[in-house]
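Just so you know, these numbers come straight off a predicted model, no measurement behind them. Computed over heavy atoms, backbone and side chain alike; hydrogens, waters and symmetry mates excluded. In each ligand, atom 1 is the first atom listed, and ligand 1 is the first ligand listed.
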Amino acid sequence: MKISVLGAGAWGTALAVQAATRHEVLLWARDAQQAQAMREQRCNRRYLPEVALPDALAVDSDLLGALAHAREGLLVIATPMSGLRGMLQALPVDARALWLCKGFEASSGLLGHEIARETCPQAMTGVLSGPSFAAEVARGQPTALVAASADKALCELAVQAFHSEALRIYTCDDPVGVEVGGAVKNVLAIATGLCDGLDLGLNARAALITRGLAEMTRLGLALGAQVETFMGLSGLGDLVLTATGDLSRNRRVGLQLAAGKTLAQVLAELGHVAEGVYSAATVARRAHDKGVEMPITEAVVAVLEGRLTPQQAVWQLMQRAPNTERCG
Ligand SMILES: NC(=O)C1=CN([C@@H]2O[C@H](COP(=O)(O)OP(=O)(O)OC[C@H]3O[C@@H](n4cnc5c(N)ncnc54)[C@H](OP(=O)(O)O)[C@@H]3O)[C@@H](O)[C@H]2O)C=CC1
Ligand SMILES: O=C(CO)COP(=O)(O)O
């Protein structure tokens with residue numbers, strides 16, 4: 001199959017490296033100099049320096065060429081959420097496209113499938129998500145993902161493209177739930193980073209993950225998702241990975257804020273996108289619009305906006321009135 005991966009950050013590069021062992025893959029970078037450096041060095045030094053690019057993987061900065069390459073195959077959008085709309089607008093009308101980004105678009109407050117409905121309603125689109133640190137996928141370590149779309153044929157195409165000895169691709173007909181899980185887990189990973197950075201202990205971390213999952217589920221249900229999706233790879237699975245794994249950029253944001261750095265310092269040092277930083281306020285707003293309570297998310301927003309210190313946010317959460325445990 002011909003596949004074009006649009007976006008040459010850590011995740012796009014990792015998936016392109018994996019798929020290039022079995023398919024004709026082209027990796028598109030928007031920066032011509034970066035594309036040239038990757039071709040010459042056979043390595044993405046900026047975003048995934050530890051992994052060699054296979055000879056079979058083509059790298060280019062010509063977007064029209066990349067779209068034409070996968071005309072009959074699969075387009076994979078691997079930009080951050082902020083770049084998704086632009087990519088969807090560039091798609092051919094009958095494209096088959098999956099995006100990898102996890103978040104809400106900060107400017108509109110929309111999820112990927114809502115942006116696709118606005119920009120390319122005739123294309124066959126969906127999302128590929130789940131617990132997957134790029135470096136582990138690029139090294140061929142066992143990973144399970146979920147492809148979600150209203151279009152079953154697109155899910156099957158994702159399986160053909162990426163299912164392999166190292167990567168299991170499950171399919172799902174609940175793109176809303178899969179996208180809510182991917183977006184909210186990033187905010188909760190910041191929360192868990194804050195918690196661990198303040199050395200609050202393992203009990204506190206388990207409580208945050210569990211109550212965070214309840215927040216994610218509540219928002220998802222209000223937006224039309226299916227409850228089981230939150231027990232799956234894109235919900236609980238990705239939440240556990242990102243909240244506990246130090247490879248997570250979102251978790252690292254929380255850890256560094258707890259250590260007393262400013263958000264500007266943390267982002268400057270990170271060198272990669274941390275989607276939770278850009279999605280947190282939208283998650284809180286969409287929850288508010290639906291009358292959904294998300295106290296952990298609101299605490300993260302307050303810390304990111306500098307309205308509360310990490311310690312004050314913890315104090316505020318612990319002062320909440322006793323409540324019945326509801327998991328969704
Ligand atoms: N890394 C991971 O393990 C995983 C990441 N994801 C998700 O995938 C998405 C991408 O993450 P990741 O690859 O790690 O990010 P990185 O920070 O590693 O790289 C971002 C890449 O996107 C490019 N880019 C940024 N804005 C645009 C735009 N408007 N148009 C085109 N390209 C753009 C950057 O190019 P330039 O250098 O020119 O700025 C860079 O190549 C995120 O939403 C993330 O949540 C999902 C699963 C796993
Ligand atoms: O989504 C991811 C793993 O599934 C990557 O998480 P971070 O963006 O926090 O690194």
Side-chain angles (χ1 to χ4, degrees), residues 4-18 27-38 44-49 51 59 61 63 66 75-90 98-107 111-112 115 127-139 141 143-146 162 167 178-179 181-193 233-256 266-267 269-280:
S4 288
V5 178
L6 308 175
W11 191 210
T13 304
L15 264 190
V17 164
Q18 266 306 303
L27 177 60
W28 172 82
R30 65 174 170 178
D31 180 342
Q33 280 183 344
Q34 199 211 350
Q36 189 181 351
M38 283 194 280
N44 184 346
R45 288 215 179 133
R46 166 86 172 79
Y47 290 109
L48 199 64
V51 175
V59 183
S61 59
L63 181 58
L75 292 162
V76 179
I77 301 173
T79 66
M81 272 313 285
S82 58
L84 178 59
R85 182 178 292 270
M87 285 296 136
L88 290 174
Q89 283 167 337
L98 283 173
W99 52 86
L100 311 178
C101 34
K102 297 175 178 171
F104 285 84
E105 185 181 45
S107 54
L111 287 166
I115 306 173
V127 57
L128 185 64
S129 191
S132 49
F133 286 136
E136 293 189 7
V137 170
R139 284 197 293 265
Q141 292 180 268
T143 300
L145 297 174
V146 58
F162 294 115
L167 260 186
V178 167
E179 287 210 278
V184 177
K185 69 85 188 171
N186 284 332
V187 180
L188 298 171
I190 296 176
T192 319
L233 293 164
S234 57
L236 179 62
D238 212 357
L239 174 58
V240 168
L241 178 83
T242 322
T244 62
D246 283 338
L247 284 177
S248 163
R249 289 84 51 95
N250 288 288
R251 175 176 160 80
R252 295 209 298 263
V253 168
L255 288 168
Q256 298 295 313
V266 175
L267 294 180
E269 288 168 14
L270 198 61
H272 292 267
V273 69
E275 296 278 17
V277 171
Y278 309 105
S279 286

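Considering backbone and side-chain atoms alike, R46 places every N or O at 3.5 Å or more from each N or O of ligand 1. The shortest N or O to N or O distance between S132 and ligand 1 is below 3.5 Å. Below 3.5 Å of separation, one finds an N or O of A134 facing an N or O of ligand 1. Considering backbone and side-chain N/O atoms, S82 never comes within less than 3.5 Å of an N/O atom of ligand 1. Inclusion of R30 in the set of residues having an N or O under 3.5 Å from an N or O of ligand 1 is warranted. The shortest N or O to N or O distance between W11 and ligand 1 is below 3.5 Å. For ligand 1, the polar-atom distance check finds no N/O of F133 at less than 3.5 Å from any of the ligand's N/O atoms.
Look at A8 and you'll find a heavy atom under 4.0 Å from some atom of ligand 1. Note on ligand 1: R249 sits in its first shell, one or more heavy atoms being nearer than 4.0 Å. The shortest separation from a heavy atom of P80 to ligand 1 is under 4.0 Å, placing the residue in contact.
Each of the atoms 28 (C), 29 (N) of ligand 1 lies under 4.0 Å from some heavy atom of G83. Using a 4.0 Å cut-off to heavy atoms of A78, the atoms of ligand 1 that qualify are 10 (C).
Regarding atom 15 (O) of ligand 1, its nearest protein heavy-atom neighbour is V273 CG1, 3.5 Å. Nearest protein neighbour of atom 34 (C) of ligand 1, counting heavy atoms only, is Y47 OH, 3.8 Å.
No hydrogens or angles considered: nothing links the side chains of S234 and D238 as a donor-acceptor pair under 3.5 Å.
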Between ligand 2 and the protein, tabulate every N or O atom pair separated by less than 3.5 Å, reporting distance only.
{"unit_1": "ligand 2", "atom_1": "1 (O)", "unit_2": "K102", "atom_2": "NZ", "d": "2.8"}
{"unit_1": "ligand 2", "atom_1": "1 (O)", "unit_2": "K185", "atom_2": "NZ", "d": "2.7"}
{"unit_1": "ligand 2", "atom_1": "4 (O)", "unit_2": "K102", "atom_2": "NZ", "d": "2.9"}
{"unit_1": "ligand 2", "atom_1": "4 (O)", "unit_2": "G130", "atom_2": "O", "d": "3.2"}
{"unit_1": "ligand 2", "atom_1": "4 (O)", "unit_2": "S132", "atom_2": "N", "d": "3.0"}
{"unit_1": "ligand 2", "atom_1": "4 (O)", "unit_2": "D238", "atom_2": "OD1", "d": "2.7"}
{"unit_1": "ligand 2", "atom_1": "4 (O)", "unit_2": "D238", "atom_2": "OD2", "d": "3.4"}
{"unit_1": "ligand 2", "atom_1": "6 (O)", "unit_2": "K185", "atom_2": "NZ", "d": "3.3"}
{"unit_1": "ligand 2", "atom_1": "8 (O)", "unit_2": "R249", "atom_2": "NE", "d": "3.2"}
{"unit_1": "ligand 2", "atom_1": "8 (O)", "unit_2": "R249", "atom_2": "NH2", "d": "3.0"}
{"unit_1": "ligand 2", "atom_1": "8 (O)", "unit_2": "N250", "atom_2": "ND2", "d": "3.2"}
{"unit_1": "ligand 2", "atom_1": "9 (O)", "unit_2": "S248", "atom_2": "OG", "d": "2.7"}
{"unit_1": "ligand 2", "atom_1": "9 (O)", "unit_2": "R249", "atom_2": "N", "d": "3.2"}
{"unit_1": "ligand 2", "atom_1": "9 (O)", "unit_2": "N250", "atom_2": "N", "d": "3.0"}
{"unit_1": "ligand 2", "atom_1": "9 (O)", "unit_2": "N250", "atom_2": "ND2", "d": "2.8"}
{"unit_1": "ligand 2", "atom_1": "10 (O)", "unit_2": "R249", "atom_2": "N", "d": "2.8"}
{"unit_1": "ligand 2", "atom_1": "10 (O)", "unit_2": "R249", "atom_2": "NE", "d": "2.5"}

